[in-house]
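Just below is one structure, and these are the notes that go with it.
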Amino acid sequence: MKEKYYITTPIYYPSGNWHIGHCYTTVVCDAFARYHKMLGEDVFFLTGTDEHGQKIEKKAAEAGVTPKAFIDPLVAELKEIWKALDINYSKFIRTTDEEHVKAVQHIFKQLYDKGEIYKAEYSGWYCTPCESFWTEAQLKDGKCPDCGREVTLEKEESYFFRLSKYADKIIKLYEDNPEFLQPKSRMNEMVNNFLKPGLQDLCVSRTSIKWGVPVTFDEKHTVYVWVDALSNYITALGYGSKDDRLYQKYWPADLHMTGKEIIRFHAIIWPAILMALGLPLPKQVYGHGWLLIGGDKLSKSKQDKVKAELTDPKQLVARYGSDALRYFLLREIPFGSDGVYTNESLLTRINADLANDLGNLVSRTTAMINQYFGGVLPAAGEREGTDGELIAAAKALGGNVKKAMDALDAPLALAEIFRLIQRANKYIDETTPWILAKDESKKARLGAVLYNLAESIRIAAIYLKPYITAAPDKILDCFGIDGKTAEDFSSANEFGVLKAGCAVKKAPPIFPRIDVKKELAELEALAAKRENKSAAEGKPAERPAVHEHTEKEQISIDDFGKVQLKVALVTACEKVEKSKKLLRLSVKLGKETRTVVSGIAHAYAPEEMIGKKVVMVTNLKPAKLCGIVSEGMILCAENDRGELSLLAPERDMEDGCEIF
Ligand code: ME8
């Protein structure tokens with residue numbers, strides 16, 4: 001019986017605006033899934049989309065469509081990206097799938113029946129016409145910040161999950177299973193920041209959010225999105241349905257791969273829910289780092305740098321191929337840490353590793369077999385010189401890759417494969433086949449050298465298959481091997497499999513070398529075009545919603561002192577015509593009134609802005625946006641998903657007062 005391997009990505013928010021950073025988790029999981037399949041394991045690889053919640057509800061309402069109609073095209077777009085990147089998932093779950101919804105309802109009811117969920121009251125300021133609760137701080141002059149009407153102190157009933165009782169159990173889980181949460185630093189973070197200080201019970205239902213899974217026994221409640229989302233890892237296998245054969249076969253998961261920002265949900269809340277349900281826990285959770293876009297803080301400002309990068313996955317695949325992108329993501333980012341994406345780092349990787357090391361080795365070897373032996377593979381012959389070293393490196397590859405993959409270190413696995421490729425290139429320099437070819441008496445030696453190279457290439461190509469998916473088959477095809485017959489590693493653990501006398505084709509150009517200077521200039525021109533187009537449309541250039549490098553150069557207190565910040569009261573606000581992003585605001589700064597244009601229309605409705613007190617930079621040089629002179633800038637926080645939150649003084653302060 002084959003061993004099973006169940007691996008999951010987090011399910012994606014259908015946010016659109018997909019960028020190369022989004023592809024990271026899924027490409028990594030795809031490589032692990034393919035690797036385990038080639039080891040002969042029975043693999044299930046799950047991915048999907050996380051479709052409920054207030055954000056979608058709100059965005060769909062703004063677009064004037066139902067949430068489902070809003071989401072469907074975004075999901076289709078995501079699936080297209082996975083196709084372009086050759087992602088071979090076993091199942092794509094959507095949290096709007098009927099089976100998932102029913103299973104989440106079943107899970108919620110089970111937790112309730114077991115006494116793990118209880119009903120309690122959550123108190124806050126209630127605006128009846130808006131059906132909304134507000135905290136004290138959110139009120140505007142003691143009134144509803146949405147409609148300005150009176151609010152009353154009321155309580156919203158909610159269901160709470162008894163998370164607090166699981167803190168010790170989770171600490172014990174980590175102690176008994178040091179491999180459960182990786183890398184190690186994440187475990188320390190969970191223990192010190194969350195578990196040791198003690199956990200609070202978790203509010204797991206809402207009455208104010210309609211776009212969610214209804215609680216069957218109390219229909220005005222919907223299930224908290226994270227409970228809904230995390231459950232996908234078992235509902236996708238049929239847990240809670242009539243047919244749970246996949247669940248029986250694959251659960252517990254071998255690996256939940258997630259970004260580091262959502263590790264708390266996977267390493268604390270999810271195990272606690274499973275413990276409460278009495279179900280087995282996943283074997284491992286891994287919190288990977290982020291792909292930071294931009295990077296170089298020296299040459300240009302962060303903004304310019306980010307705008308200059310091409311981050312659209314489909315455009316990148318169309319330009320450089322899916323292998324190049326997959327290779328970059330898997331090789332460039334030290335696993336578990338953050339890595340930097342720049343156009344230049346991608347192009348450098350393609351040239352150095354794929355075109356120079358791999359491409360040259362394959363093209364030189366197959367060309368020489370054609371030139372000196374008419375395209376017929378010569379015999380292996382006697383070993384001499386450094387043959388033994390090359391052969392030993394090729395034979396050791398499987399073990400070295402396994403060690404790296406067992407440690408969840410895909411970059412190291414690729415480094416091992418490229419070590420063999422580099423060794424083979426060095427072997428060409430050592431054996432100088434072009435000199436051997438000049439001496440007829442060295443023909444057998446020349447044959448042996450080319451045979452050893454062909455075998456090393458074959459072994460490297462088979463081991464490359466989980467990581468890059470097109471080139472290995474093209475390489476194997478040169479030696480008459482159908483890629484499909486090399487779906488496991490067994491033939492790659494032996495040296496001497498290729499038969500002398502078989503036909504060898506001259507390799508087609510697999511990774512053409514890129515003229516980096518020329519390509520960077522083209523990309524820059526593309527970025528400028530994007531920006532001009534945006535400016536002509538009166539909107540700020542689309543900035544990819546990615547985790548950007550936040551480091552800036554140090555500044556002195558005098559530099560900071562040059563910025564004048566004041567509290568401003570928004571007195572009027574409207575959308576800027578012909579722009580999707582801009583709002584025109586009138587603000588009051590004490591006795592003074594000013595106009596400000598701000599790119600926040602995707603996050604705030606004009607009505608919502610009126611009456612807000614915000615933080616404003618008041619000594620910026622006026623700038624014209626969409627024909628309107630903006631006399632300052634209001635400040636916002638932005639997270640990695642592009643969500644905005646305005647900055648405001650924590651206590652009520654008069655408008656016009658200074659901030660320092
Ligand atoms: O968090 N670098 O979904 P999501 C590396 N729906 N990884 C990145 C990245 C970057 N720049 N940007 C995004 C969610 N990701 C929830 C999950 S699971 C029950 C619910 C990764 O669409 C991110 O770390 O915000 C995460 O692993 C994945 O993309 C989906 O993120």
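This chain uses plain numbering: 1 for the first residue, then up along the sequence. Just so it is clear, the model here is predicted, and its values are computed rather than measured. Start at 1 and go down the list; that is how both ligands and their atoms are numbered.
For Gly289, no nitrogen or oxygen atom sits less than 3.5 Å from a nitrogen or oxygen atom of ligand 1, counting backbone and side chain alike. Residue-to-ligand polar distances place Glu261 within reach of ligand 1: an N/O pair is separated by less than 3.5 Å. Residue Ala229 has no N or O atom closer than 3.5 Å to an N or O atom of ligand 1. Between His266 and ligand 1, not a single N/O pair is under 3.5 Å apart. When only interatomic distances are considered, the shortest N/O to N/O separation between Trp226 and ligand 1 does not fall below 3.5 Å.
For Gln248, the CD atom is densely surrounded, since the number of other residues' heavy atoms within 6.0 Å is greater than 12.
Distances from atom 15 (N) of ligand 1 to the heavy atoms of Gly21, Cys23, Gly287, Gly53 show the closest one on Gly21. Relative to atom 12 (N) of ligand 1, the option among Lys260, His19, Met257 with the closest non-hydrogen atom is His19.
Looking at Asp72 and Lys68, a side-chain N of the basic residue comes within less than 4.0 Å of a carboxylate O on the acidic one, giving a salt bridge. Under a 4.0 Å N-O distance rule, the pair Asp312/Lys314 does not qualify as a salt bridge.
Set against the non-hydrogen atoms of Tyr233, the atoms of ligand 1 under 4.0 Å away are 18 (S), 19 (C). Atoms of ligand 1 lying under 4.0 Å from at least one heavy atom of His22, given by number and element, are 13 (C). Short contacts between ligand 1 and Trp290, defined as distances under 4.0 Å to a heavy atom of the residue, involve ligand atoms 2 (N), 5 (C). Near Gly259, meaning under 4.0 Å from one of its heavy atoms, ligand 1 places the atoms 24 (O), 27 (O). Residue Leu230 has at least one heavy-atom neighbour below 4.0 Å for each of these atoms of ligand 1: 19 (C). In summary, the atoms of ligand 1 found under 4.0 Å from a heavy atom of Asp50, numbered by their order in the structure, are 6 (N), 16 (C), 20 (C). Residue contact check: Pro10 has heavy atoms under 4.0 Å from atoms 17 (C), 18 (S), 26 (C), 27 (O) of ligand 1. In summary, the atoms of ligand 1 found under 4.0 Å from a heavy atom of Ile262, numbered by their order in the structure, are 1 (O), 17 (C).
Between Asn343 and Tyr341, the side chains place a donor N or O and an acceptor N or O closer than 3.5 Å (distance only, hydrogens not considered).
The proximity of Phe265 to ligand 1, defined as any non-hydrogen pair under 4.0 Å, does not occur for either the backbone or the side chain. Residue Leu291 touches ligand 1 through backbone and side chain together, judged by heavy-atom distances below 4.0 Å.
Note on ring orientation: taking the six-membered ring where Trp is involved, the planes of Trp18 and His22 are perpendicular (angle over 60°, cut-offs 30° and 60°). The aromatic rings of Tyr467 and Tyr35 lie tilted to each other, with the angle between the two planes from 30° to 60°. Tyr250 and Phe44 have tilted rings, their planes meeting at an angle from 30° to 60° on a 0 to 90° scale.
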Pair Asp42-Lys37, salt bridge (charged side-chain N to carboxylate O under 4.0 Å, His left out): steps then yes or no
CA-CA 6 Å; Asp42 182 348; Lys37 205 176 256 175; over 6 Å; no
Yes or no on ring pair (Phe, Tyr, Trp, His ring centres under 6.0 Å) for Tyr286 and Phe335, after CA distance, side-chain angles and deciding distance?
CA-CA 10 Å; Tyr286 192 98; Phe335 212 48; 4.8 Å; yes
Chi angles and distances behind the ring pair (Phe, Tyr, Trp, His ring centres under 6.0 Å) call for Tyr233, His266:
CA-CA 11 Å; Tyr233 299 131; His266 287 82; 5.6 Å; yes
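Here the side chain of Ser205 pairs a donor or acceptor atom with the backbone of Tyr159 at under 3.5 angstrom.
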